[in-house]
Amino acid sequence: MKIKRAMVMAAGKGTRMRPLTDTTPKPLVPFMGEALIDHVLDRLEKAGVEEVIVNVHHFADKLEAHLAKRGFPHIVISDERERLLDTGGGAKRALPLLGEEPIITFNSDSVWVEGWGENLTNLIEAFDPERMDALLMIADAARTIGYVGRGDFVMDQLGRITRRGSSETVPYMFAGVQIIKPQLFAEGPEGAFSTNLIWDRLMEEGRLYGQRMSGVWMHVGTPEDLAAAEEFIRDL
């Protein structure tokens with residue numbers, strides 16, 4: 001199926017990226033000479049997405065001014081200046097802009113080096129709305145740059161994913177990108193909430209799936225992570 005619309009999560013304060021985010025929003029932090037959010041928008045454009053909703057809060061004016069220079073895809077701002085709403089609450093606020101068809105949500109700091117094919121195109125091709133309410137791009141936890149942890153998910157032979165137990169170490173982690181039916185966000189509470197609330201219900205219903213990405217995903221949460229990711233790319 002074709003995905004025409006996406007939402008980029010760009011409102012967060014990026015506190016772990018300080019001091020870089022003391023004067024600029026995290027989506028505008030340079031990565032390989034280009035703002036993080038431009039890497040995201042370039043991938044969405046290449047995948048055929050026509051319109052992107054971007055939520056703004058931290059240094060919102062700077063981010064809006066940067067995005068105004070962008071010709072394609074078409075950018076629509078969802079304003080969260082008054083209050084941060086987290087990923088779920090931000091998407092719920094933007095529902096009038098998102099439409100009825102499945103959308104891509106994309107964290108503004110999700111970057112990777114491609115393996116075989118194009119990961120975003122592969123995700124779109126794998127989404128089956130009959131079986132799935134959300135399809136998450138997941139990365140091999142052991143093959144990431146800047147991530148130290150025990151993983152997020154296990155996946156069964158059909159591609160359905162569930163969370164790890166509190167004492168478990170599991171193979172996969174969320175790579176910051178998903179395809180999801182936007183109506184699901186309407187079911188969330190008022191105000192700020194995490195998309196995790198929606199995922200938990202979908203797991204119980206067997207409607208949450210994962211698509212294993214190829215290549216190397218890079219977790220750029222801190223200045224040190226950013227430097228390590230840039231060094232990795234330069235060494236390729």
Side-chain angles (χ1 to χ4, degrees), residues 1 3 5-9 12 40 43-44 47 49 86-92 98 101-189 193-221 225:
M1 66 181 299
I3 306 287
R5 191 171 283 119
M7 181 169 183
V8 175
M9 303 296 178
V40 170
R43 289 198 190 280
L44 289 170
V49 173
D86 206 341
T87 52
K92 182 174 181 176
L98 297 178
E101 297 300 313
I103 62 165
I104 297 166
T105 74
F106 207 132
N107 292 349
S108 62
D109 60 352
S110 184
V111 292
W112 64 82
V113 174
E114 297 284 13
W116 48 269
E118 301 279 347
N119 280 299
L120 195 52
T121 299
N122 294 340
L123 189 75
I124 293 169
E125 291 176 350
F127 184 72
D128 177 2
E130 296 299 317
R131 293 186 297 125
M132 308 169 183
D133 286 333
L135 176 64
L136 279 57
M137 184 184 292
I138 55 175
D140 293 337
R143 296 182 63 249
T144 64
I145 303 297
Y147 174 74
V148 179
R150 301 205 311 256
D152 297 324
F153 301 111
V154 292
M155 182 165 60
D156 70 14
Q157 65 272 23
L158 298 177
R160 293 175 300 211
I161 56 175
T162 52
R163 296 191 193 281
R164 66 173 176 84
S166 58
S167 61
E168 288 184 302
T169 297
V170 295
Y172 303 115
M173 60 179 295
F174 178 49
V177 185
Q178 68 174 331
I179 298 174
I180 190 167
K181 297 175 180 177
Q183 301 89 335
L184 295 167
F185 293 106
E187 303 168 9
F193 70 93
S194 171
T195 305
N196 281 297
L197 289 180
I198 294 170
W199 290 349
D200 287 343
R201 181 174 65 77
L202 296 184
M203 285 179 201
E204 292 177 2
E205 298 170 355
R207 302 280 298 177
L208 186 70
Y209 283 74
Q211 167 80 3
R212 184 181 176 186
M213 68 173 294
S214 64
V216 178
W217 187 74
M218 291 170 282
H219 182 258
V220 289
D225 293 340

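- Judged by the 6.0 Å distance and 45° axis criteria, Arg43 is positioned over the aromatic ring of Trp112.
- Proximity of Ile124 to Ile104: side-chain heavy atoms (C-beta onward) are separated by under 4.5 Å at one or more points.
- Among all heavy-atom pairs drawn from Met213 and Ala175, the shortest one is SD-CB, 3.9 Å.
- Under a cutoff of 6.0 Å and an axis angle of 45°, Arg131 and Tyr209 form a cation-pi pair.
- The OG1 atom of Thr105 sits 14.5 Å away from the CZ atom of Arg5 when rounded to the nearest 0.5 Å.
- Proximity of Leu202 to Leu184: side-chain heavy atoms (C-beta onward) are separated by under 4.5 Å at one or more points.
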Exercise. Can you list the steps and then say if Val49 with Leu120 is a side chain to side chain contact (heavy atoms under 4.5 Å, CB included)?
Worked result: CA-CA 11 Å; Val49 173; Leu120 195 52; 5.6 Å; no
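- The structure places CZ of Arg212 at 8.0 Å from CD1 of Ile138, a figure rounded to the nearest 0.5 Å.
- In this structure, Thr144 and His219 have side chains that are not in contact, with every pair of non-hydrogen atoms separated by 4.5 Å or more.
- Of the possible polar contacts, one joining the Asp128 side chain to the Glu130 backbone as a donor-acceptor pair under 3.5 Å is found.
- Two residues are said to be in side-chain contact when any heavy atoms from C-beta on lie closer than 4.5 Å; Asp133 and Leu208 fail this criterion.
- Taking every heavy atom of both residues into account, Met9 and Ala91 meet most closely at CE-CB, 4.2 Å.
- Within the 3.5 Å criterion, the main-chain N or O of Gly215 finds a donor-acceptor partner in the side chain of Arg143.
- Annotation: side chain of Pro171 is not in contact with side chain of Asp140 (no heavy-atom distance under 4.5 Å).
- The shortest heavy-atom contact between Ile198 and Ile180 is CG2-CD1, 4.4 Å.
- The two residues Thr195 and Gln178 come nearest to each other via the heavy atoms CG2-NE2, 3.8 Å.
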Exercise. Going through the distances and angles, do Val113 and Met218 end up as a side chain to side chain contact (heavy atoms under 4.5 Å, CB included)?
Worked result: CA-CA 8 Å; Val113 174; Met218 291 170 282; 3.7 Å; yes
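- A distance of 9.5 Å separates CG in Leu98 from CD in Gln183, rounded to the nearest 0.5 Å.
- Of all the heavy atoms in Lys92 and Phe193, the pair that sits closest is CD-CE2, 4.1 Å.
- Here NZ of Lys181 is found 13.0 Å from CD1 of Ile103. Values are rounded to the nearest 0.5 Å.
- Between Val177 and Ser110 the shortest heavy-atom distance is CG2-OG, 3.9 Å.
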For this session: Apply side chain to side chain contact (heavy atoms under 4.5 Å, CB included) to the pair Met155 and Val170, showing each step before the final yes or no.
Result: CA-CA 9 Å; Met155 182 165 60; Val170 295; over 6 Å; no
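- Side-chain atoms of Val8 and Leu44, non-hydrogen and from C-beta on, do get closer than 4.5 Å to each other.
- Atom CD1 of Ile3 is separated from atom CZ of Phe127 by 6.5 Å, given to the nearest 0.5 angstrom.
- No option in Phe153, Trp217, Trp199, Phe106 other than Trp199 meets the ring-ring contact (aromatic ring centres under 6.0 Å, His included) test with Phe174.
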Exercise. Passes side chain to side chain contact (heavy atoms under 4.5 Å, CB included), Gln211 versus Ile179? Steps please.
Worked result: CA-CA 10 Å; Gln211 167 80 3; Ile179 298 174; over 6 Å; no
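- Within the 4.5 Å cutoff, side-chain heavy atoms of Val220 are placed close to those of Val111.
- Remark: the backbone N or O of Gly88 is not paired with any side-chain donor or acceptor of Asp86 at under 3.5 angstrom.
- No side-chain heavy atom of Leu135 sits under 4.5 Å from any side-chain heavy atom of Pro102.
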